[in-house]
Amino acid sequence: MEYNFREIEVKWQQRWKERNAYAVSNDSTKPKCYVLDMFPYPSGAGLHVGHPLGYIASDIYSRYKRLKGFNVLHPMGFDSFGLPAEQYAIETGQHPADTTEKNIATFKSQLDKIGFCYDWDREIRTSDPKYYKWTQWLFLQLFNSYFCNTQQKARPIDELIKKYEGQGSKHFTAADWNGYTKKEQADILMQRRLAFSSFGEVNWCESLGTVLANDEVINGVSERGGFPVVKKKMRQWYLRITAYADRLLQGLETVDFSDSMKDMQRNWIGKSEGAEMEFTIEDAPAKIKVYTTRPDTIFGVDFLVLAPEHELVNDITTKDQREKIDEYLRYVKSRSDRERMAEVKQVTGCFTGAYAVNPFDGKLIPVWIADYVLAGYGTGAIMAVPCGDQRDYTFAKHFNIPVTNTIGGHYNGEEANPTKDAVLENSGFLNGVLMKDAIAIAMDKIDELGIGRRKINYRMRDAGFSRQRYWGEPFPIKWHDGIATPLAEDELPLELPYVKKYSAGPEGEGPLANIADWMGNKFETSTMPGYAGSSWYFLRYMDPNNDAIFCDRKVSDYWNQVDVYIGGTEHAVGHLLYSRMWTKVMYDLGLIGFDEPFRKLVNQGMIQGSSRFVNRVKGTTTFVSAGLVNTGEFEGNTDRIHVDVNIVDGTELNLTAFKKWKNGEFGNAEFILENGKFLTEVETEKMSKSKFNTVNPDELVNKYGADTFRMYEMFLGPVEMSKPWDTKGIEGVHRFLRKLWRLFFDEVKGKVWTNDTPDNAEFKVLHKTIKKIDSDTEQFSYNTAVSAFMISVNELADLKCYKKDILEKILILIAPYAPHVAEELWNSISNTGSVLDAAYPVFDAQYLVEASKDYPVSINGKLRTTISIATAAEEPEVRAQVLANEVVQKWLDGKEPKKIIFVKGKMVNVVI
RNA sequence: GCCCAUGUGGCGGAAUUGGUAGACGCAGCAGACUCAAAAUCUGCCGUUCGCAAGGGCGUGAAGGUUCGAUUCCUUUCGUGGGCACCA
């Protein structure tokens with residue numbers, strides 16, 4: 001009987017499906033465990049080997065928790081709204097709904113072949129009206145709420161309206177409020193809503209007549225067509241995530257994310273404490289507000305820099321400078337934020353002609369504009385201190401602005417020094433004060449003089465929440481006379497209308513603006529962004545078919561937080577912050593009972609592609625093996641061509657397959673071999689179709705089986721680590737599973753397993769394995785767990801152990817990793833029930849007790865020998881044994897050791 | 001540029017987190033079984049000196065702390081991810 005994985009896997013997948021083995025109940029006496037993957041965007045390329053990495057890890061964990069007695073929720077769904085489907089529609093005319101449907105079918109069949117334990121009855125799709133009805137409903141909750149600064153939480157906007165009607169606000173009286181027009185009232189309320197509408201800048205491409213994503217803009221021109229792209233102000237929707245900045249920071253203390261992930265979120269939020277100060281302008285009424293975290297450097301300010309988009313630029317620019325400023329503004333408009341930040345070496349800027357007055361000493365300082373200052377951060381203006389800030393210094397040198405030194409010897413005249421440890425000089429009332437101390441003194445002075453105030457600043461901006469696109473959730477909003485009016489709950493979902501064309505509307509509005517019916521109803525024409533649906537999907541899985549509410553409160557109280565969330569770091573700041581914010585809002589409004597969605601986060605690494613290249617002699621059909629490319633006549637005379645990684649074995653090209661590849665494009669190729677082989681070059685790149693480095697899991701599952709595929713993906717390395725995909729090692733894992741099989745059945749002899757009683761050596765192997773697998777599985781250390789299984793099976797094979805008492809326990813341990821083969825063997829050794837619900841083996845330490853240990857003995861930290869010493873031995877005994885050892889005596893050469901270090905159970909080090 | 005991660009044999013990686021560097025697997029080499037092939041099994045497998053015993057070197061690079069450093073600190077180089085309309 002041989003290991004016929006194809007038959008076994010199909011059989012069990014069917015049986016599990018028939019008896020609903022993965023159905024999850026919301027009603028159980030068992031403890032709950034919620035294991036979630038970041039759901040995929042169903043792209044047209046299908047699943048590649050990178051996708052399943054995290055899915056397999058979470059599947060193993062789910063199955064393991066189930067064996068340990070938990071009621072496990074492990075769902076899967078699709079993030080099916082998004083830009084790629086729309087771009088594909090523009091290119092091919094196929095409707096996104098159709099392509100998305102097709103892609104999801106492909107994804108599902110691919111996922112099923114790998115044998116995941118999903119409860120498909122709980123599947124969700126963000127583009128399904130039954131789902132996005134609740135996305136729209138939640139948007140309305142955000143729209144109808146404001147952030148109460150006293151309570152530090154979201155409250156219904158009606159409470160604010162009542163307050164305005166009854167007592168007014170800081171800025172207006174109740175009588176004022178009641179006298180305002182509807183539009184004026186709406187505008188004031190809009191400034192407090194958690195989902196609000198305002199004006200923002202977008203990438204505008206005049207030639208395409210559309211707004212573009214940053215990804216669609218390359219070096220200032222559109223990716224499609226290469227047309228110029230400029231910034232344009234348009235009405236947009238935003239989420240007031242900045243209101244939650246502090247709570248998003250505090251919440252990080254309560255969750256189990258990696259430190260690096262928390263760092264990334266903290267940096268994104270970018271909280272800083274400093275002062276906002278006003279500089280008056282000489283001969284002009286304007287005042288420029290700057291934000292600084294270093295008010296101690298105020299006497300070192302040699303110029304001010306405004307962001308080119310700053311609203312005062314126009315007002316303060318002098319006649320002489322007008323032309324130059326306009327020219328500079330045109331230049332800036334063509335550059336993306338990312339370019340502006342990245343190209344630091346290229347110093348650009350322009351003098352406005354205006355001078356500001358230093359509020360402390362009255363010194364006149366020139367006002368410049370430069371693109372290294374971003375409008376979105378702080379006040380969009382900075383005070384430049386060249387002796388303390390390198391960018392300011394570079395700018396000053398480039399434009400010959402004299403540098404004031406306030407830090408004495410700490411400044412060498414050649415580069416800035418951002419120290420806080422200098423004693424201040426040339427600094428008026430701060431002279432002689434240590435900079436660290438001067439910060440607080442300067443703050444007090446600013447307060448005292450009334451020229452500014454202390455301020456906490458955040459780098460984070462409110463989140464743009466509208467897209468001028470078709471394939472997204474419509475906003476449940478109508479516009480009447482400039483007032484945004486929400487739809488009533490019973491009008492939801494507002495369904496996305498079916499269209500045949502996806503081109504932008506007039507003035508760059510979304511494609512919905514082309515629909516007469518839509519415009520007649522005065523519906524909002526933009527749609528929600530990709531992250532709308534993904535900001536709350538983890539709640540819908542709990543109660544996916546509820547028509548009355550997004551998720552019943554009793555159900556969300558039961559499942560509560562996601563216990564483990566698995567996904568890539570690329571979502572570190574976007575998706576994770578948005579879903580954390582939505583959760584906090586829902587918590588504030590009493591819709592759910594917890595305010596952090598994810599208790600623990602596991603970051604999976606990226607699987608990169610391993611590209612292969614062949615080298616062709618220029619202008620010929622002759623190909624040269626990799627080792628010969630830089631030799632003789634070939635040097636510098638070859639082109640490098642991507643070749644399909646699937647027709648290369650390691651680095652050796654399969655010549656027959658190559659000739660057939662791409663419908664025989666290289667059919668008449670000739671090859672110059674080395675040592676009888678044709679070798680390719682290797683490079684690690686992003687996995688992508690165009691680089692011919694994608695590997696389809698289907699092919700591997702067909703060839704080796706799902707169990708082998710699952711274990712091999714885990715064996716590649718730690719889940720958190722990025723690594724290039726290489727199919728080469730999969731044979732080893734397959735061999736291992738066949739070896740496991742042979743402990744039960746022999747190809748010739750048939751059944752070999754027995755009911756004999758195991759001996760101590762066999763129990764030792766088993767319990768060593770239980771201990772290792774249990775802790776590795778709990779800690780997501782799956783590569784070492786696979787290795788431990790291999791060691792265990794190797795040892796059992798060496799011991800010729802075919803005993804059921806040992807083997808059935810091994811089957812339970814391995815069931816989360818290789819469920820099909822485990823279930824097959826479990827059933828064939830006549831166990832009743834399914835291995836999916838077996839009781840997890842319990843580790844017993846008594847089998848691992850040892851009488852002695854081979855201690856490594858080092859001389860001066862270098863290993864020289866090992867000595868077998870009783871496990872219980874203490875220092876004096878060990879000392880005597882070590883000194884009596886031949887090798888140690890040889891190294892001592894008659895001398896006394898200076899010191900002997902003994903770490904019980906670890907090692908001995910003799911210092912000479 | 002800023003933020004985060006990472007660097008160990010020919011390759012993927014391991015190392016109880018300061019205590020035997022290279023577990024496990026791939027590839028390779030040698031052998032057994034076979035008419036042959038596949039499958040399987042056995043041995044070798046960082047580098048260098050040496051017949052051997054044994055020694056030197058070795059975790060991107062350079063310093064430092066320590067009895068002892070892949071692990072901690074400083075500096076530096078390379079690679080990957082993110083940077084707000086890709087998801």
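Proteins get letters first, then strands, A, B, ... in listed order; numbering begins at 1 in each.
Here the side chain of Ala213(A) is nearest to one of G81(B), C85(B), C67(B), namely C85(B). The Thr866(A) side chain lies nearest to U20(B) when the options are A15(B), C3(B), U20(B). Taking the side chain of Val903(A) as heavy atoms from C-beta on, and the options G19(B), C26(B), C24(B), the nearest nucleotide is G19(B). The listed nucleotides are G81(B), G19(B), G12(B); the one nearest the side chain of Lys723(A) is G12(B). Taking the side chain of Asn909(A) as heavy atoms from C-beta on, and the options G19(B), G25(B), G80(B), the nearest nucleotide is G19(B). Comparing G81(B), U6(B), C24(B) by their closest approach to the side chain of Met264(A) singles out G81(B). Side-chain proximity of Ser260(A) to U17(B), C24(B), C4(B): nearest is C4(B). Side-chain atoms of Lys890(A) lie closest to G55(B) of the nucleotides A27(B), G55(B), G12(B). Counting only heavy atoms from C-beta on, Tyr41(A) has its side chain closest to A87(B) among C24(B), U42(B), A87(B).
Counted within 6.0 Å of CG on Asp798(A), heavy atoms from surrounding residues, nucleotides or ligands total more than 12; the atom is thus considered enclosed.
Taking only side-chain nitrogens and oxygens, Lys739(A) comes nearer than 4.0 Å to OP1 or OP2 of C41(B). Between Arg735(A) and C41(B) there is no side-chain polar atom (N or O) within less than 4.0 angstrom of OP1 or OP2. Residue Asn794(A) has a polar side-chain atom (N or O) positioned under 4.0 Å from OP1 or OP2 of G25(B). OP1 or OP2 of G55(B) has at least one side-chain nitrogen or oxygen of Arg864(A) nearer than 4.0 Å. Listed pair Trp891(A) / G55(B) meets the phosphate criterion, a side-chain N or O lying under 4.0 Å from OP1 or OP2. Contact between the side-chain N/O atoms of Arg738(A) and the OP1/OP2 oxygens of U40(B) is found at a separation under 4.0 Å.
Rounded to whole Å, atom P of A5(B) lies 14 Å from atom CD of Gln265(A). Remark: C1' of G68(B) and CG of Asn860(A) are 10 Å apart, rounded to the nearest angstrom. Atoms CG (Asp726(A)) and P (C11(B)) sit 12 Å apart, rounded to a whole Å. For the pair Leu576(A) CG and A84(B) C1', the computed distance is 15 Å after rounding to whole Å. Asn783(A) has its CG atom 12 Å from the C1' atom of A15(B), to the nearest Å. Summarising the geometry, the separation between CD on Glu713(A) and P on C24(B) is reported as 23 Å, rounded to the nearest angstrom. Distance NZ (Lys898(A)) to P (G68(B)): 10 Å, rounded to an integer number of Å. Residue Leu248(A) contributes atom CG, which lies 15 Å from atom C1' of A84(B) at whole-angstrom precision.
C41(B) is paired with G31(B) under the Watson-Crick or G-U wobble criterion, all donor-acceptor distances under 3.5 Å. Remark: C57(B) base-pairs with G46(B). Criterion, Watson-Crick or G-U wobble with two distances under 3.5 Å. Across all strands shown, G19(B) forms a Watson-Crick or G-U wobble pair, both distances under 3.5 Å, with C67(B). Nucleotide U6(B): paired with G78(B) (Watson-Crick or G-U wobble, both distances less than 3.5 Å).
Here Phe81(A) and Tyr132(A) bring their ring centres to under 6.0 angstrom of each other. Aromatic ring centres of Tyr712(A) and Trp725(A): separated by under 6.0 Å. Between Phe5(A) and Tyr704(A), the gap from one ring centroid to the other reaches at least 6.0 Å. For Trp741(A) and Tyr3(A), the gap between ring centers is short of 6.0 Å.
Residue-level contact check: Ile901(A) touches the bases, meaning some heavy atom is under 4.0 Å from a base atom. Within the nucleic acid shown, Met38(A) has no heavy atom closer than 4.0 Å to any nucleic acid atom. Among the atoms of the strands shown, only primed sugar atoms or phosphate atoms (P, OP1, OP2) are found under 4.0 Å from some heavy atom of Pro718(A). Residue Val733(A) is classed as having no contact, given no heavy-atom separation below 4.0 Å to the nucleic acid. Nucleic acid contact class of Val202(A) (heavy atoms, under 4.0 Å, all strands): base. Across all strands, Ser466(A) comes closer than 4.0 Å to base atoms (heavy-atom distances). Within 4.0 Å of Gln236(A), counting heavy atoms only, lies at least one base atom of the nucleic acid. Contact annotation for Glu731(A): no contact, since no heavy-atom pair falls under 4.0 Å across all strands.
Residues Trp204(A) and Leu212(A) are not in side-chain contact: their nearest non-hydrogen atoms beyond the backbone lie 4.5 Å or more apart. Under the 4.5 Å side-chain criterion, counting only non-hydrogen atoms from C-beta, Tyr817(A) is in contact with Thr777(A).
Listed here is the closest heavy atom pair of Tyr531(A) and Arg467(A): CE2-NH2, 3.8 Å.
Residue-to-nucleotide proximity on RNA chain B shows that, of Lys899(A) and Lys862(A), the 5′-proximal contact is made by Lys862(A). Nearest-nucleotide positions on RNA chain B place Leu716(A) closer to the 5' end than the other of Val786(A) and Leu716(A).
Against the 90° criterion about 0, the sugar-base torsion of U40(B) places it in the anti range.
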